[in-house]
Each structure stands twice: as C-alpha cells, then as structure tokens.
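So you know, we letter chains A, B, ... as the sequences are listed, proteins then strands, and number each from 1.
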Protein chains: 2
Amino acid sequence: MITRNPSLTDQVKAHIKDRIVNDGFADDRIPPEATLGEELGVSRTTIRDALAKLENEGAIYRKQGSGTFVNRPGLQIKSRLEEIWSYAKVLEDHGYTPSVSVISDVIVPADDETAAALAIEVGGDVVEIEKLFLEDDEPVVLTRNRIPASLLDADHSRDELPLYEFLDEYCDRRLTYYVSEIVPVAFNASQARKLHVKRGTVGLAFVEIGYDQTNEPIVYATSFFRDDLLRFRIIRRRAGA
Amino acid sequence: MITRNPSLTDQVKAHIKDRIVNDGFADDRIPPEATLGEELGVSRTTIRDALAKLENEGAIYRKQGSGTFVNRPGLQIKSRLEEIWSYAKVLEDHGYTPSVSVISDVIVPADDETAAALAIEVGGDVVEIEKLFLEDDEPVVLTRNRIPASLLDADHSRDELPLYEFLDEYCDRRLTYYVSEIVPVAFNASQARKLHVKRGTVGLAFVEIGYDQTNEPIVYATSFFRDDLLRFRIIRRRAGA
DNA sequence: TAGTGGTCTAGACCACTTC
DNA sequence: AAGTGGTCTAGACCACTAA
C-alpha cells in the first residue's frame, strides 16, 4: 500500500515512530539504515530523510560509526517550544483536558508598545481578545491577542478557535511565524485575579509578534502561564556533535 | 587527533551564510538550488544539505514552488535555546565582552533534590561551584553546578572553564545533553546580592540535569539570569509548513 | 576488521507558485 | 507553461566506533 502523499519519507517516519512508542527496540537501538531500507523496500536516502526528521524532533539520535538510538529524554518532552500553535493542544499534551473561555473581546486604541509591534499608528483601532485556558475550572494560561481592527471582519463570532485558524478564517492573512520573548513576570492584580493566584505570584510570559507570509506583523500576543501547573522543558544537545 | 576537514556541505553552508551577512541577496532571495550547484561545482544534493542546515538554524526559509529566502528575524536570534553551551559565549553573542568569576567551590552534602537529580545518596559528597558572568562589573548570569564528588579530581584548579570543557578535563565523562526546565523566579536575598539586584526581583532560571553518553546524570545545574540585561528570543514556525 | 552513519554524485519525476 | 523546491532512486566512497 505504498502511495504518494503522505510522502514515502513521512510514512517511513510514522512507521518508525510507531515502533518506538508501541513495540520498542532492543536496547533502544534502531536497525541500521540499510536494513530498514530493505525491510520497507525504499532507498537509503528515504530512510535517512525520515530519520533526520525524527532526530530533528528529538525522538532519536545518531552516533556515527555506532548506530541510531531512541532518545528517551526527548520523547518525554511534550511541547516543543519552537512549534507551539495551540495552547489547548499544549495542555492536552501535558495530560489535561482543557476548556477555553473568551473573557473579553473589545476594540481599544493602540498604545505605544502595541503600535510599534504592529507597525500601526498610536491610537489606531485594535481588536483585543483575552482568552483563558482552564483545566477543571483551574486557569492555566491567560492570553491577550491584539490584532489591527483593519484586518478583521467586524463579525468574528467563533473566536474560541485557535488564533492561527481564527486569523485564517477572519482575515485573509496566514500566520506564518512568531518572534517570541520569554519573560519572567510577577502577576499584577488583574492577571492574578484571572489566573486565580495571589497578586505578585511569579510566572512565565511569552511576548510575541506574529507575522504573515509577507513579513507584515498581524498580531501582538502576550501569554501568561501558571508556573505551578505548566512548566516548559527542553533538551539541549551539544551543537557540533 | 582532530581531523576536522570541513565537509563540502559545510563549506557551501559557510559560503552562503557569508553572502547573506556581507553582500546580501536582491530581495533577500537566494538563487535556485540548480544555479548554486553550477556556480559552486557541486551536486544539488550538497546544496540542499547545506540549505537544510541553514534552514534548521533559522537563517533561511524555503517555499515550495517559489524559492529560498533569507530569514531576517531568524538572523536576529543570537542564542538558540537548544544549543547553549557556554554562558560567556551567550553574552558575547549579545554584544557583551564578559568576564567570569568563580565565587565559590566547596564540597557539600547532597540534599534531597540534588540526590534525586544525580541519582546518588542523600548526604553524599557533592562539589558545588558557583560562577558569576559579568559585563563591566555588572553581573548578568549566576550559575550553580553540583557534581558528584566521586566523579571529580580533587584538584580542579582551572574551574573558570566552560562546564563542558571542565568535565571533559577533570572527569572521564563527556557532557552529552541537558534536560532543562525554564522557571520564573523571584530572587532570594543571597541570589539578589550576588546579582546586584533588589531581593524579590523577578528573573529567569534554567534548572537542568546534564547527562553523559551513557545517560548517567553527572551534573545538576541551576542558572539565574538578569531579565533586564539578557532576554531569550525564539522563532516559532508552524509545524506542518 | 567489520559495521555503522556521513557525504556526495547524477539523474528522474512530482507538487506547488507564479506568470 | 515555466520555474522552483520536494521526493526518490542507485550507487560510491569516507569517517568513525567497537569487537
């Protein structure tokens, strides 16, 4: 049942990932590339492309001259920082069954900071949407997205959608990438109240600007995280090896 | 014993990176892969491997059917979170000329947390080294590394070395990867004094366990950052595209 | 020395974007 | 329709690791 799309490489990748998760390999050692190629009836290049993707995702690592191995610590990382696109998904990956609540959706004038981020005039209309992601009525993530009003349909009723789908639907813009800053904060009174913590509690924030395919800024977003409920982990490997 | 002949791919990669930084390309558009291959006299595969590495580092991006382009925001990111190996280097990349100061180097008994991290007995001997990274006498990063005493030579005089080189030299272990947590903190009295900030100031911390090639934990490290002087930025791209 | 992953070539066709 | 990056093949040799 070899078909195009998904690509052979992606099929091979899924197959190996599946074996890692379900069956496992002896000593966490993945068979040689030549062997895998014969087993699956594809060229070594295809195998290598698939392994490269898995390595990139942190699922495996390779040692020249030695072999290819399952990367146990990498498998434990649920949310890779570089590709977070839905906080609901992040919470799911951490074992929660989240709910989303839109707590405000208003038009405000852009302050200096927002105007600079979105490359619009100070005082220009900006749609500000605040959302809260909860687990069992306990808030975990608070997000505030600011989008130039000129980009948005006046009637954007389904605003509980993930932001990128929301923008796909209600603007003609496609959110392509974020530039994000990781900032430690002490929650102010308003944030603390929404997150059900004491004022001054320390948490993590992402302050980020989202761009479309033409490198135009289309959203200025700030997200606050309850450090006691959600913590980010990363794997750091030596660059040259 | 180092026979580091840069591969063709790495030479091509360096060449393109150089052109991006020094000359630039019209419209930030990088020539087609076929053209590059002819110009440099290498196969398209080699070009593609080089471009793949550059894409991985965030220096460029590709759009199928359209072309390959310089990734301006990606070029601004100095320190990629997944491959930070020397805080001195991090500060340099941010335009500082850092100095390092070892502020303590003592043997302490392992507390519960440290013992668990390093998989040793509670109360076992641990070498604790605190270092401060400064820019113009202003402290920016405070690190505390704890290493099982059994792994370390009693005489480790050159302990201002980057930790991974230090471990290479004074143990027989090679630091292979870290599992790191990103934690927001309010500095306590001791940390605040060392970092020259007020007690309770909010900052970022990495809490991490370093492993050797056999997946054995060899270092438990905590690093504190002055948020006003050093802030981490990342690019987040959509996963599927 | 045998076996592994790493590099490199030459060539074919596909999928998508742009005109 | 033309041009771009994406996928895939078959085969060669190199660099490193481990028995």
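- Using a 4.0 Å heavy-atom criterion, one finds that B:T45 contacts the bases of the nucleic acid, with or without backbone contacts as well.
- The side-chain hydrogen bond (donor to acceptor under 3.5 Å, both in side chains) test with A:Y220 is passed by exactly one of A:R146, A:R144, A:E208, A:E113: A:E113.
- A sub-4.0 Å separation between OP1 or OP2 of D:dA10 and a side-chain N or O of A:R44 is absent.
- Put simply, A:T68 has a side-chain N or O that comes within less than 4.0 Å of OP1 or OP2 on C:dG5.
- Per the geometry, NZ belonging to B:K63 stands 15 Å off C1' belonging to C:dA15, to the nearest Å.
- A:R233 has no carboxylate O lying under 4.0 Å from a charged side-chain N of B:E82, or vice versa, which leaves the two without a salt bridge.
- Rounded to whole Å, atom C1' of C:dG5 lies 14 Å from atom OH of A:Y61.
- Taking side-chain N and O atoms only, A:R48 has no distance below 4.0 Å to OP1 or OP2 of C:dG5.
- In this structure, B:I16 places its CD1 atom 11 Å from P of D:dG5, rounding to the nearest Å.
- Atom CZ of B:R62 and atom P of C:dA15 are 18 Å apart (whole Å).
- Side-chain nitrogen and oxygen atoms of A:S66 include none within less than 4.0 Å of the OP1 or OP2 phosphate oxygen of C:dG5.
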- Item | Verdict with reasoning, B:L8 to B:D10, per side-chain contact (heavy atoms from CB on, under 4.5 Å) | CA-CA 5 Å; B:L8 255 186; B:D10 284 340; over 6 Å; no
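- Rounded to whole angstrom, the span from the CZ atom of A:R174 across to the P atom of C:dC16 amounts to 13 Å.
- Mapping B:L8 and A:P32 onto DNA chain C by nearest heavy atom places A:P32 at the nucleotide closer to the 5' end.
- A salt bridge is defined here as a Lys NZ or Arg NE, NH1 or NH2 lying under 4.0 Å from an Asp or Glu carboxylate O, and A:E33 with A:R62 meets this definition.
- One atom, CD1 of A:I47, and another, C1' of C:dG6, lie 16 Å apart when rounded to the nearest Å.
- For A:T9 and D:dC8, the shortest distance from a side-chain N or O to OP1 or OP2 is below 4.0 Å.
- Put simply, CZ on B:F69 is 11 Å from C1' on C:dT18, counting in whole angstrom units.
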